[in-house]
Amino acid sequence: MATFQPVRGTHDLVGDTARRHAHVIETARRLAHLYGMEDVDTPVFEFTPVFARTLGDASDVVRKEMYTFADRGGEEITLRPEFTAGIARAFISGGMRQNLPLKFFAAGPVFRYERPQKGRQRQFHQIDAEILGVEGPQADIEVIALGHDILAALGVGANCRLELNSLGDAESHAAYREALIAYFSGHKDKLSADSVERLERNPLRILDSKDEGDRALLPDAPRIEDSLNDHSRDFFQAVKDGLDALGIAYQLNPRLVRGLDYYTHTAFEFITEDLGAQGTVLGGGRYDGLIELLGGPATPGVGWAAGIERLAMLLAAVPERPRPVALVPLGPAADAEALRLAHQLRAAGVTVEHGYRGNLGRRLKRADKLGARAAVILGEDELARGVATLRDLDGGEQREVPLGDLVATLAPPDGAVG
RNA sequence: GCGGGUGUAGCUCAGUCGGUUAGAGCGCCAGAUUGUGGCUCUGGAGGUCGCCGGUUCAAUUCCGGUCACUCGCCCCA
């Protein structure tokens, strides 16, 4: 290979892309904090069983999408394909059960060996929210409300619909699974090859199939509602009531199932039509058995993850950078003064750009390209008189300002960001 | 993992029914304007036509493979 390309399915985040990315994270984090969530950052790799055991042997993620390797010490390591399992592991190893309930927010890269396409990469980034230790449906409602608020704050909420379903508790879930197996086994000859395989591994997924033949069987298939026991039904009703009370619109989708094994009760996805086949922008649900599955104390949980790249693509506009003030020193004495001045201005909250090189025209041109709001021109004669020329780059008018007054003139009003 | 499409300048793309120096717009650099940006004008730099191989007197153009992107399946964020 003569020149290096990025590894397949990985991307550099630069310029506008980086700014969109950062904006998604900052917005989400700000709102998560309003919900009382705390930031967590768990390692990007874990011992393989942390994921293999929790996600389920039947899931595609475990079967063919994990980046798994033996490290130099011979440990079986996996790059995280999602956040929840790592956070659950941190909860157990950190002995955090004393502090329940816990609310966490995380953001960072995750890794899945998939065939890349738009909105699907091998290294991508997620934001993630989890509530641990709350048995009741309030946590489900709040976590969904947070997702809803983040999409709204990003300006993409109008293009997303919320789909909602309940998989029921473990008992209901198992009963439904049996009912589906019984039904589809009777129609095995009409199922697609994919679905025959799903019948073995994860029959719920057949409900999600896009194959025409499979879909024809669905109207008569057992319905999840019929398998929910009283507790599960009440729980689901409480979640729906809560969303109604908050004015969050949703659409019931009895065929909404999630690919990872650990989900119980509530399952939801915010879906957009604007990203082609990769329509799910934020998805999650309740996972009451997960922590126990990892060997921890039985602890309920609800949460979701959202794809930062997908959200970033949906942003209508590229977030703007703050408009800087450009310093334009001319000559060595002015260079020294400019350094000092830049320091003072930044301390006062002003975004400052140095041109670093070139004559006046060149530096102004660069200032213009950076979108500077003003230029401070420091020439030899100005310095000698203790002033600077302050040029407004929008209008073009300029005036002389004593050096000592520059900070006061350019600093934003209290609290504002300039 | 399966099926289709695409790959020409930093970016967006045209073009070559196989034939001499491969083009445009935007961007970049310089000049018109020796301390005044944007607008305009003039000039300039920048390409192994994704990579490897085959066919041919001749391949950026045709064929095969490969890599990457992309659309769908699968799966998921």
Side-chain angles (χ1 to χ4, degrees), chain A residues 1-11 14-16 24 55 58-65 81-84 107-128 147 160 192-195 197-198 201-202 205 208-212 214 256-260 269-272 275-284 303-314 326 328-331 334 355 358-382 389-398:
Chain A
M1 205 191 296
T3 56
F4 284 111
Q5 295 181 321
V7 173
R8 183 174 203 200
T10 67
H11 293 279
V14 185
D16 286 359
V24 170
L55 300 180
S59 74
D60 275 38
V61 171
V62 171
R63 287 171 58 243
K64 45 195 188 192
E65 294 176 2
E82 56 114 36
F83 276 87
T84 311
V110 290
F111 307 84
R112 291 183 199 172
Y113 191 87
E114 293 190 273
R115 174 125 173 202
Q117 45 180 275
K118 183 179 181 177
R120 197 167 82 183
Q121 304 162 209
R122 289 183 173 181
Q123 177 180 168
F124 62 104
H125 300 79
Q126 291 186 330
I127 49 179
D128 183 274
C160 297
S192 66
D194 277 336
S195 285
E197 217 191 309
R198 283 191 273 240
R201 292 206 321 270
N202 191 351
R205 287 236 72 101
D208 220 12
S209 174
K210 287 171 189 162
D211 181 86
E212 299 243 339
D214 292 349
L256 172 66
V257 295
R258 315 233 71 236
L260 310 182
E269 290 186 9
F270 285 87
I271 298 170
T272 178
L275 290 178
Q278 274 62 242
T280 301
V281 122
L282 183 154
W304 51 253
I308 297 176
E309 283 82 356
R310 291 184 186 177
L311 290 170
M313 280 190 285
L314 290 174
V328 183
L330 302 167
N359 59 21
L360 178 58
R362 185 187 166 98
R363 288 182 193 241
L364 281 179
K365 191 174 268 192
R366 180 172 160 76
D368 183 62
K369 206 181 316 170
L370 290 169
R373 56 192 239 249
V376 175
I377 301 167
L378 291 163
E380 301 291 339
D381 50 324
E382 279 110 331
T389 298
L390 178 61
R391 181 176 178 82
D392 180 308
L393 290 178
D394 292 324
E397 61 278 3
Q398 59 187 44

Contact class for [X] vs. all strands (heavy atom < 4.0 Å): base, sugar-phosphate, or nothing?
X: A:Glu397; answer: nothing
X: A:Leu393; answer: base
X: A:Gln398; answer: base
X: A:Ile308; answer: nothing
X: A:Gly9; answer: sugar-phosphate
X: A:Ala367; answer: nothing

Integer-rounded Å distance: [N] [atom2] and [X] [atom1]:
X: A:Asp394; N: B:G38; atom1: CG; atom2: P; result: 15 Å
X: A:Arg363; N: B:G38; atom1: CZ; atom2: C1'; result: 19 Å
X: A:Met313; N: B:U70; atom1: CE; atom2: C1'; result: 12 Å
X: A:Arg8; N: B:C67; atom1: CZ; atom2: C1'; result: 9 Å

Is the backbone of A:Pro81 close enough, under 3.5 Å, to the side chain of A:Arg112 for a donor and an acceptor to pair up by distance?
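Such a contact is found between A:Arg112 side chain and A:Pro81 backbone.
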Side-chain donor/acceptor of A:Arg310 to backbone N/O of A:Gly119, under 3.5 Å
yes
Do A:Thr280 and A:Glu269 pair up side chain to side chain, a donor and an acceptor below 3.5 Å, judged on atom types alone?
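Per modelled atom types, A:Thr280 and A:Glu269 side chains form a pair under 3.5 Å.
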Side chains of A:Gln123 and A:Thr10 only: does a donor on one sit below 3.5 Å from an acceptor on the other?
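Absent: no donor and acceptor within the cut-off.
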My understanding is that a pair needs two contacts under 3.5 Å, Watson-Crick or G-U wobble. By that rule, which nucleotide pairs with B:C73?
B:G1
Can you give me the N/O atom pairs linking the protein to nucleotides 1-7 of chain B at distances under 3.5 Å, or say none if there are none?
residue	atom	partner	partner atom	Å
B:C2	N4	A:Arg115	NH1	2.9
B:G3	O6	A:Arg115	NH2	3.1

Nearest of [options] to any side-chain atom of [X]?
X: A:Lys118; options: B:C75, B:U70, B:A77; answer: B:U70
X: A:Phe124; options: B:A77, B:G37, B:C75; answer: B:A77
X: A:Arg198; options: B:U36, B:A77, B:C75; answer: B:C75

Using the test salt bridge (Lys or Arg N to Asp or Glu O under 4.0 Å), find all partners of A:Asp392 that sit at least two apart in sequence or belong to another chain.
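None.
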Of all the heavy-atom pairs spanning [X] and [Y], show the shortest one and how long it is.
X: A:Arg363; Y: A:Pro329; answer: NH1-CD, 3.3 Å
X: A:Pro116; Y: A:Gly9; answer: CG-CA, 3.9 Å
X: A:Ala306; Y: A:Leu311; answer: CB-CD1, 4.0 Å

Please measure how far the P atom in B:G44 lies from the corresponding atom in B:G25, and state the result in whole Å.
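Rounded to whole Å, the distance is 13 Å.
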Heavy-atom nearest nucleotide on RNA chain B for A:Gly379 versus A:Val7: which residue maps closer to 5'?
A:Gly379
Pick the closest RNA chain B nucleotide for A:Gln121 and for A:Thr10 by heavy atoms, then say which residue is nearer the 5' end.
A:Thr10
Distances under 3.5 Å between protein N/O atoms and the N/O atoms of nucleotides 27-33 of chain B, please, pair by pair.
residue	atom	partner	partner atom	Å
B:C28	OP1	A:Lys369	NZ	3.2
B:A30	OP1	A:Arg362	NH1	2.8

Base of B:G37 paired with side chain of A:Asp368 (donor-acceptor, under 3.5 Å)
yes
Are any of A:Arg391's side-chain N or O atoms less than 4.0 Å away from OP1 or OP2 of B:U36?
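No, outside the criterion.
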